[in-house]
Amino acid sequence: MKWRISSMPRVNLKGIHKVRKTLASGKVMEYHRAWRGKGAPTFWNSDGKIKIGSAEYIAAFAASAPASPAQGKFRSVITEFMDSQDFMKFSARYQKDIRTSLFHPTNGIDQEFGDGPLAAINDPRIRRVVLKWRDRIGGKVGDDRLRHLQRIIKFGLDRSLLTENRLKDIKSVYKADRADIFWSPEEIDAFEAMAPKHIGRILVALCETGLRPGDLYRLSLFNVEKTPKGQRIVVRTNKRKRPASIPVTRRMAKLIAETPTGQATILVGKKGQPYKNPNYLGDAVSTARDDIIKGARDKGLPDPFRPDLRLYDARGTAATRLLRAGGEIGEIATAMGWSIKHATEIIEAYVRLHPDMADGLGAKIERYDARTKL
């Protein structure tokens with residue numbers, strides 16, 4: 001890609017080496033050097049009239065400091081993002097996904113936009129350029145690349161490295177249809193029995209509550225309330241900002257009872273620490289799933305569950321269990337934190353291919369036929 005819009009270079013004040021020396025006269029002098037080490041030029045001293053941090057100070061430093069290859073380019077934002085706590089807080093799996101998006105050899109973000117001047121990223125025309133790039137990649141990968149680029153640009157805006165975010169409100173093109181994918185009771189039992197206990201608890205908790213990982217990883221004993229006949233979990237869902245009232249099943253009650261009173265959250269990692277990011281829940285389940293299946297195959301055994309199952313598929317399991325238990329749409333919507341319209345659409349999609357639905361309908365037909373023959 002050719003970039004024709006120029007930009008003013010930005011100056012990174014990191015790395016300034018400050019030195020204090022006492023002269024023979026007893027006077028203390030301070031010197032600021034462009035970097036630490038032999039050959040570093042002094043660009044400021046306390047005898048001068050230039051104020052630290054002033055435009056003249058910055059100009060003197062810029063003139064003496066070696067130019068960075070990324071200076072004034074979008075690559076400088078990428079580099080700062082990769083060095084930031086914003087990036088480090090992500091799970092190892094998600095960090096790997098972002099690195100793939102950044103440094104893919106044929107359509108990575110750095111290859112496509114890294115050499116672009118910052119002014120070009122701030123320019124309104126960048127939106128059209130990015131959309132063409134996304135469409136050229138196509139599918140879920142294209143959407144993932146775009147989402148990661150949006151995250152970096154938002155970071156650059158927050159850190160005053162960029163002045164505009166031209167990629168706001170771009171919707172995904174790829175729509176995954178996993179409505180017919182859910183964890184069967186046998187698969188849930190097998191996973192709980194074979195996975196590390198703290199990871200098995202993740203799957204059980206989601207199957208029993210239907211909460212999104214973004215709500216589940218924060219769930220604590222304070223969210224559990226007594227009811228006249230048992231217990232319920234009360235949360236305000238993070239995505240839709242709706243209150244959800246979820247009945248506590250026997251299996252969930254056992255999980256809650258096993259949670260130490262002083263534990264910050266119901267779900268914790270191997271060392272007992274709360275999860276810092278909801279992505280860790282899905283990563284943990286996927287990693288355990290892959291390890292268990294590999295172990296079974298190495299022994300010549302069949303897969304204990306399908307290799308394409310994800311943690312999020314357990315939400316469908318939770319919804320269909322409520323329906324099979326005789327729950328009305330309004331009750332299911334309340335329990336899942338959905339609107340009535342959304343609950344209707346989701347339930348229709350999830351139960352369309354559920355075997356229990358077919359068996360139930362078949363039994364009703366048999367009873368009807370038996371009555372009409374009398």
Side-chain angles (χ1 to χ4, degrees), residues 182-238 243-276 278 280-289 291-293 295-296 304-306 309-327 331-338 350 354 356:
F182 49 86
W183 291 77
S184 70
E186 295 77 18
E187 288 170 320
I188 297 168
D189 291 342
F191 185 88
E192 185 183 16
M194 303 172 79
K197 185 173 182 180
H198 68 283
I199 299 177
R201 284 169 60 92
I202 296 173
L203 181 64
V204 169
L206 203 147
C207 287
E208 298 300 312
T209 65
L211 289 171
R212 291 181 179 84
D215 298 312
L216 194 62
Y217 89 110
R218 292 193 182 104
L219 196 67
S220 74
L221 294 177
F222 292 109
N223 295 110
V224 182
E225 297 181 356
K226 290 185 177 181
T227 63
K229 296 184 179 180
Q231 293 176 301
R232 68 171 182 168
I233 294 172
V234 179
V235 296
R236 187 173 183 83
T237 59
N238 188 50
S245 176
I246 305 163
V248 173
T249 62
R250 290 182 183 176
R251 201 169 193 172
M252 189 64 192
K254 180 175 180 294
L255 190 148
I256 291 170
E258 292 174 349
T259 303
T261 305
Q263 190 167 288
T265 54
I266 290 176
L267 300 177
V268 293
K270 184 178 180 180
K271 297 181 179 179
Q273 76 283 8
Y275 289 99
K276 295 180 180 179
Y280 285 113
L281 302 187
D283 290 347
V285 169
S286 294
T287 300
R289 174 204 64 199
D291 290 344
I292 292 168
I293 289 175
F305 29 73
R306 286 163 291 166
L309 285 171
R310 304 174 187 171
L311 175 62
Y312 215 91
D313 297 326
R315 294 204 78 212
T317 304
T320 53
R321 287 176 67 248
L322 290 171
L323 189 70
R324 295 200 309 274
E331 294 173 319
I332 296 172
T334 300
M336 302 291 286
W338 293 339
Y350 275 128
H354 201 291
D356 286 2

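Atom set for the values below is all heavy atoms of this structure, side chains included, hydrogens, waters and symmetry mates excluded.
Residue Arg306 comes nearest to Ser184 through the heavy atom pair NH2-N, 4.2 Å, listed as atom of the first residue, atom of the second, then distance. Closest non-hydrogen pair, Leu311 versus Gly282, comes out as CD2-N, 3.7 Å. The shortest heavy-atom contact between Ala195 and Ala288 is CB-CB, 4.4 Å. Of all the heavy atoms in Ala318 and Gly210, the pair that sits closest is CB-CA, 3.5 Å.
Rounding to the nearest 0.5 Å places OG1 of Thr209 at 5.0 Å from CG of Leu216. Here the CD1 atom belonging to Ile256 is positioned 4.5 Å from the CD1 atom belonging to Ile233, to the nearest 0.5 angstrom. Between Ile188 atom CD1 and Leu206 atom CG the span is 10.0 Å, to the nearest 0.5 Å. Distance CZ/Phe191 to CZ/Phe305: 6.0 Å, rounded to 0.5 Å. Once rounded to the nearest 0.5 Å, the distance linking CZ of Arg289 with CG of Leu203 reads 11.5 Å. The distance from the CD1 atom of Ile292 to the OG1 atom of Thr287 is 10.5 Å, given to the nearest 0.5 Å.
For the pair Arg212/Asn238, no side-chain contact is recorded, criterion being any heavy-atom separation below 4.5 Å from C-beta on. Looking at heavy atoms from C-beta onward, Leu309 lies in side-chain contact with Glu187 at the 4.5 angstrom threshold. Between Pro196 and Lys270, the closest side-chain pair of non-hydrogen atoms is not below 4.5 Å.
Judged purely by distance below 3.5 Å, without hydrogens or angles, the side chains of Ser245 and Arg232 pair a donor atom with an acceptor atom.
In this structure a side-chain-to-backbone donor-acceptor pair under 3.5 Å is present from Asn223 to Ser220. Looking only at distances, no side-chain donor or acceptor of Gln231 sits under 3.5 Å from a matching main-chain atom of Val224. Without hydrogens or angle criteria, Thr317 side chain to Trp183 main chain gives a donor-acceptor distance under 3.5 Å.
For Arg218, there are no side-chain hydrogen bond (donor to acceptor under 3.5 Å, both in side chains) partners at least two apart in sequence or on another chain. Scanning for side-chain hydrogen bond (donor to acceptor under 3.5 Å, both in side chains) contacts around Gln273 gives an empty result, with sequence neighbours left out.
Residue pairs meeting the side chain to side chain donor-acceptor pair (under 3.5 Å) criterion with at least one member in residues 193-205, sequence neighbours excluded: Arg201-Thr259.
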* Start with the C-alpha distance between Tyr275 and Leu281, add both sets of side-chain angles, then the distance that settles side chain to side chain contact (heavy atoms under 4.5 Å, CB included), and finish with yes or no. => CA-CA 8 Å; Tyr275 289 99; Leu281 302 187; 3.5 Å; yes
